[in-house]
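Beneath this line is the structure, given in structure tokens, with notes to follow.
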Amino acid sequence: MASIKLFGEVNNKPVYLIKLNNGHIEAEFISLGATIRALRVPDRSGNMVDVCLGYDTAEEYMTNDGYIGATVGRNANRISGSKFSINGKEYKLNANEGENQLHGGIEGFSHKCWNFSCTENSVTFSIESPDGDEGYPGNLKAAATFSLVNSTLRIDYSASCDKDTIVNLTNHAYFNLSGQGSGAINKQLLTLGAESYTPCRDGNIPTGEFAPIINTPLDFSKENSLDFALTSLSGTSTEGIDHNFVLSSSPAATLYSEETGIELSCKTSLEGLQVYTSGFLTKRNGKDGAIYGKHHGICLETQHFPDAINNPHFPSPIIRVGEEYKEWTEYSFKIR
Ligand code: BGC
């Protein structure tokens, strides 16, 4: 059953905590940012382990950086120069990372209060974003439904708009399969359904090329510990992995912790996966007394490729009037 409680308040608006439990897994969400606040799954001894980072208060979600657990939009990842053109008209967006826009702008969907409705094993968050919000064209309606199906958390995204626009929604959960608050993820094992990635120039903006991952620290085409990538890419501009992978097979990603026996597999309708190993997660208090820091979680952000709107050879993030954006992502858990 869904249980709903008041979690806090931001900008004089209530923030609700919604808890779902289907007897296999338990998830907590907050209406600020349509955020996954906790995800409890059984370890090999049957103890429930919370595998997602989160905070105790609504204020921390509002003021801290890092987008922990949030639904990110209207456009996840970066748009170079904070501008793009559709139908020959240029749109200027709010820049919030140097000259570029990251994760939907200054106050993107991650920082807004969403409406919601529940069924027994699901919650649907919805939001209306007015024409010109953060610079984007059109009145956009978007929704994200989170459902528990056996040991799977499934997310269904939808959106439509009254002007031709772009949409790219993702979830920014930080997973740690040894338990949130257990420290760095170096020993966890990752496999990706990808053979190439989109290399970047300054500002983590794609050059437009595709490069093979073979013979690089990013080669997770076979299961590999995260340690080598995190160590060898520390001190670089990505402080570990902060790269978009070009998905070529399913599952998009598999993550495993030998400590707990928990395996996560991620499947999606989308073509890109930004893997972010929290290289910029500065030391901070997390929920339930946890302390978080660099490399304490891994985000598996299913999405269109970064800056796709300014790279015509990338799959298009445009939705036209009358079209519906519909994408899905599943995070499934089992014991290995
Ligand atoms: C980006 C990172 C960024 C992080 C938190 C990720 O999706 O790729 O560069 O630091 O989000 O903002």
Side-chain angles (χ1 to χ4, degrees), residues 32-36 52-55 60-80 82 93-112 134 155 157 168-176 185 190 192 194 197-207 218 226 229-230 233-247 252-253 255 266 268 270-284 286 292-308 311 314 317 329 331:
L32 173 63
T35 295
I36 302 173
C52 282
L53 277 56
Y55 298 118
E60 288 164 294
Y61 280 99
M62 201 61 188
T63 53
N64 287 350
D65 63 6
Y67 302 84
I68 289 188
T71 298
V72 173
R74 290 187 190 193
N75 186 88
N77 218 310
R78 294 172 173 87
I79 295 182
S80 60
S82 302
L93 304 175
N94 289 345
N96 61 334
E97 194 185 56
E99 62 174 14
N100 305 318
Q101 189 189 81
L102 172 67
H103 292 334
I106 296 162
E107 199 181 278
F109 288 179
S110 47
H111 290 78
K112 294 203 163 125
E134 297 290 339
I155 313 173
Y157 299 103
N168 185 21
L169 303 176
T170 196
N171 184 273
H172 213 285
Y174 289 64
F175 294 102
N176 185 330
I185 50 165
L190 180 68
L192 297 176
Y197 73 108
T198 51
C200 284
R201 54 181 168 89
D202 282 359
N204 215 352
I205 299 294
T207 59
L218 302 174
L226 282 163
L230 296 193
L233 298 172
S234 248
T236 69
S237 61
T238 54
E239 287 295 348
I241 308 173
D242 190 5
H243 296 77
N244 171 59
F245 291 84
V246 178
L247 295 175
L255 183 69
C266 169
T268 183
L270 286 149
E271 66 281 357
L273 181 75
Q274 181 84 16
V275 177
Y276 170 56
T277 51
S278 50
F280 307 106
L281 191 69
T282 48
K283 192 175 172 198
R284 66 191 66 186
Y292 302 147
K294 185 175 172 182
H295 297 163
H296 283 203
I298 178 171
C299 302
L300 302 169
E301 305 165 42
T302 59
Q303 54 188 254
H304 289 314
F305 298 164
D307 205 24
N311 286 274
F314 287 177
T329 295
Y331 298 107

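Start at 1 and go down the list; that is how both ligands and their atoms are numbered.
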So Ile241 and Leu226, side-chain contact (heavy atoms from CB on, under 4.5 Å) or not? Walk me through it.
CA-CA 9 Å; Ile241 308 173; Leu226 282 163; 3.9 Å; yes
Taking only heavy atoms of Glu301 into account, list the atoms of ligand 1 that are under 4.0 Å away from them.
6 (C), 7 (O)
Provide the number and element of each atom of ligand 1 under 4.0 Å from a heavy atom of Phe280.
10 (O)
Any N/O pair Asp242/ligand 1 closer than 3.5 Å
yes
For the 3.5 Å polar cut-off, considering only N or O atoms, please tell me whether Asn77 and ligand 1 meet it.
no
Centroid separation His111 to Tyr67 less than 6.0 Å:
yes
Which option wins on minimum heavy-atom distance to atom 6 (C) of ligand 1: Gln274, Glu97, His172, His243?
His172
Does either side chain, that of [X] or that of [Y], offer a donor lying less than 3.5 Å from an acceptor on the other one?
X	Y	answer
Asn244	Asn77	no
Arg78	Ser80	no
Gln101	Asn75	no

Provide the closest heavy-atom pair for Thr329 versus Cys266 in the form atom of the first, atom of the second, distance.
CG2-SG, 4.1 Å
For Arg78, which part has a heavy atom under 4.0 Å from ligand 1: side chain, backbone, both, or neither?
side chain
May I ask you to identify the nearest protein heavy atom to atom 4 (C) of ligand 1, giving residue, atom name and distance to one decimal place in Å?
Tyr276 CE2, 3.5 Å
